[in-house]
**Student:** 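Below is a structure I'd like to ask you about.
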Amino acid sequence: MTLPLFAPDDDPGPSFMALLRHAGHTPPVINGDVDARVAITHGTTVVAIRYADGAIMAGDRRATSGNLISHRTIEKVFPADRHSGVAIAGAAGPAIEMVKLFQLQLEHYEKVEGTALSLDGKANQLSQMVRNHLPAAMQGLAVVPLFAGYDVRRGQGRLFQYDVTGGRYEESNHAATGSGSLHAGTVVKLGYRDGLDREAAIDLAISALFQAADEDSATGGPDLVRGIYPTVATITAEGFTHVGNDEVAERFRNLIADLTVPGSLGGTEGSGT
Amino acid sequence: MSMPFYVAPEQVMKDRADYARKGIARGRSLVALAYDSGILLCAENSQRLRKISEIHDRIAFAGVGKYNEFDQLRIAGVRHADLKGYSYSREDVDARSLANQYAQILGQVFTHEMKPMEVEILVAEVGNEPGADLMFRILYDGTIVDESNGTVLGGEADTISGRLTERWSEGLDLVGALSVARHSLSGPDRVLGATELEVAVLERTSARRAFRRIDDTELDGLVAADPEPPVDPVDEPSLGDPAG
């Protein structure tokens, strides 16, 4: 690999994607509906909640191809940079590639320019990446991310939701995306209070994922046999931190203990008899 | 058609080298040295236009001389590293290959372009163990010098490097390393304060991005904790041989 030097009028600037185009790396253009022809791996439910110290993001660990479970331990919540995180739902391949590019885009900007982008700047970059992905989304490879970060200039956590066209919508308190987002979102909505502390926010997030897994076959619940639990991360003034698997497991055990009522069946099962 | 005068190649090279050296000597200097948990880079600089920056997870860049020229090289290095990390893996980005690329470019410019680049640059990589740190100093003509323990870039490099060799010892802590760097840059006649220094470290223990700037209150604290008293011309050891 040679050193990439550019003439001033041809310089790609601080954008890593522009640099990739200069270097000849361009994503393939796909014709026709991909999803109908080959089984595509999909990631499912992720949620983000704003709490007292910043924001929390959580995602289940299941990936599906059609009606099959293709992966039990996929990660859907990633650090974007020191003070922000991105969570993905949709076609797993393009989504993970988008996260990788997004992380590089932010880091590359920070290194070339010497300062990090503002949180709005980061959210806008992700919006452009989702919009650029629209042709592939129309062929069944939709990627719908969530973006959350700690705004160091405002001193608070902020959340952004996207649609396939790159539309960016800032949510004030909580957001969810993916196949189980309807159920997860409702749980978060009902349990949300202003100024939640860290533990309450984690409990609310895992409870939302548990309920989503209960209703949506594509969302994975806690796997007590294999010890697989959702990914949970907090984003505060100190930065992006994964919540340890042991802590998540412990909170899940408490949640399950609270939910267990002897002799009762779920509403769906009970209704027929 | 007029014929150009014949100039001996030796003379051409010498003139170019003199030109580049003069440009570099005009600027202020920079010191890099190994300490117990990584590499410390310290420049006499106002901190606004930076001489020290991050290239990749474990690699830092430092340049002295003409700002626009070394900054162009810095950005090219960031691009090279990020493209390489994207195409292969982040682990595959290494200082040696980057230093070679820089040497190629500087050598090419020195022999083929109208004027050589008036820069001297450093590519430093922190290793996993204390002995595995790398420091490559690259001169205006593409010469690479593989340094260990410490190095000096810029004008007065010989005098400063004499002071550096005298003061440096193995296993310095951060306070000690900054003290060595600061007093090597300052010399016997003056003391550089925190506002006149640009400082950054490559920390061995960092999970991923080892580069960290030391500024504001942290730098003030480290300078205040300096065990060495303010320079007293009488106590100052003699500079000795400037080539030291």
Side-chain angles (χ1 to χ4, degrees), chain A residues 1-27 75 78-85 94 96-117 125 129 152 233 237-242 244, chain B residues 47-57 59-61 67-69 71-90 92-94 96-109 113 117 121 123 138 142 198 200 206-209 211-213 215:
Chain A
M1 281 185 129
T2 52
L3 210 57
L5 287 165
F6 300 95
D9 59 348
D10 194 36
D11 196 281
S15 167
F16 185 71
M17 286 190 296
L19 176 65
L20 273 185
R21 281 195 292 276
H22 267 79
H25 293 266
T26 38
E75 290 280 347
F78 303 89
D81 68 353
R82 190 167 138 72
H83 283 114
S84 63
I96 289 168
E97 175 69 11
M98 188 184 284
V99 169
K100 186 180 167 189
L101 262 178
F102 182 54
Q103 290 169 328
L104 261 172
Q105 178 82 346
L106 300 187
E107 185 188 323
H108 191 74
Y109 180 96
E110 187 187 326
K111 291 193 290 194
V112 171
E113 292 289 305
T115 51
L117 274 167
Q125 278 291 314
M129 295 180 79
V152 284
E238 277 74 55
F240 181 101
T241 324
H242 277 292
Chain B
Q47 302 182 2
R48 282 183 285 274
L49 288 175
R50 281 160 175 167
K51 291 184 174 178
I52 304 168
S53 347
E54 176 184 15
I55 292 276
H56 205 254
D57 293 350
I59 305 175
F61 173 96
Y67 178 79
N68 69 319
E69 293 182 348
D71 200 55
Q72 188 194 0
L73 291 173
R74 173 187 73 86
I75 293 174
V78 171
R79 286 176 177 158
H80 169 84
D82 280 350
L83 274 176
K84 195 169 175 186
Y86 174 77
S87 310
Y88 305 110
S89 151
R90 297 190 76 92
D92 298 315
V93 182
D94 64 325
R96 195 184 44 80
S97 126
L98 182 63
N100 275 328
Q101 295 288 341
Y102 278 137
Q104 293 296 330
I105 294 288
L106 285 166
Q108 177 86 4
V109 171
E113 299 288 323
M117 280 187 160
I121 60 175
V123 179
I138 304 136
E198 181 190 354
S206 303
R208 194 166 71 83
R209 290 169 77 176
F211 184 86
R212 186 168 70 86
R213 283 187 195 284
D215 45 20

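Chain A is the first sequence line, chain B the second, and so forth, proteins listed ahead of strands; every chain is numbered from 1.
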**Student:** Between B/Phe61 and chain A, which part of the residue has a heavy atom less than 4.5 Å away: side chain, backbone, both or neither?
**Tutor:**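 When you check distances to chain A, no heavy atom of B/Phe61 falls under 4.5 Å.
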
**Student:** Checking B/Tyr86 against chain A: side chain, backbone, both or neither under 4.5 Å from a heavy atom?
**Tutor:**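 Answer is both: backbone and side chain atoms of B/Tyr86 are under 4.5 Å from chain A.
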
**Student:** Which one of A/Arg82, A/Glu107, A/Lys100 has the most heavy-atom pairs closer than 4.5 Å to chain B?
**Tutor:**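 Most heavy-atom pairs within the cutoff with chain B belong to A/Glu107.
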
**Student:** Which bit of B/Arg213 is near chain A, if near means a heavy-atom gap under 4.5 Å: side chain, backbone, both or neither?
**Tutor:**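 No part of B/Arg213 comes within 4.5 Å of chain A.
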
**Student:** Heavy atoms, side chains only, cut-off 4.5 Å: are B/Leu83 and A/Leu20 in contact?
**Tutor:**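 Yes; the side chains approach each other to less than 4.5 Å.
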
**Student:** Between A/Val112 and B/Arg74, which heavy-atom pair has the shortest distance, and what is it?
**Tutor:**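 Where A/Val112 meets B/Arg74 most closely, the heavy atoms are O-NH2, 2.9 Å.
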
**Student:** Most heavy-atom pairs under 4.5 angstrom with chain A, which of B/Lys84, B/Gln72, B/Arg209?
**Tutor:**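 Most heavy-atom pairs within the cutoff with chain A belong to B/Arg209.
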
**Student:** With rounding to the nearest 0.5 angstrom, report the CG to CZ distance, A/Leu104 to B/Arg90.
**Tutor:**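 If we round to the nearest 0.5 Å, A/Leu104:CG and B/Arg90:CZ are 6.0 Å apart.
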
**Student:** Select, from B/Ser53, B/Ser97, B/Ala76, the one with the greatest count of heavy-atom pairs under 4.5 Å involving chain A.
**Tutor:**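 Max contact count across the listed options: B/Ala76.
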
**Student:** Which atoms of B/Ile55 are under 4.5 Å from chain A, going by heavy atoms: the side chain, the backbone, both sets, or neither?
**Tutor:**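 For B/Ile55, the contact with chain A is made by the backbone alone.
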
**Student:** Test side chain to side chain contact (heavy atoms under 4.5 Å, CB included) on B/Arg79 and A/His22 and set out the steps.
**Tutor:** CA-CA 11 Å; B/Arg79 286 176 177 158; A/His22 267 79; over 6 Å; no

**Student:** Do you know which two heavy atoms are closest between B/Asp82 and A/Lys111, and how far apart they sit?
**Tutor:**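 Closest approach of B/Asp82 to A/Lys111: OD1-NZ, 3.0 Å.
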
**Student:** Quick one: what part of A/Glu97 sits under 4.5 Å from any heavy atom of chain B, side chain, backbone, both or neither?
**Tutor:**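 A/Glu97 touches chain B through side-chain heavy atoms alone.
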
**Student:** Evaluate the side chain to side chain contact (heavy atoms under 4.5 Å, CB included) criterion for residues B/Gln104 and A/Leu3: first the C-alpha distance (whole Å), next the side-chain angles of each, then the deciding distance (0.1 Å), finally the verdict.
**Tutor:** CA-CA 9 Å; B/Gln104 293 296 330; A/Leu3 210 57; over 6 Å; no

**Student:** State, to 0.1 Å, how close B/Arg50 and A/Gly114 come at their nearest heavy-atom pair, and which atoms those are.
**Tutor:**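 Smallest interatomic distance, heavy atoms only, reads NH1-O, 3.2 Å.
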
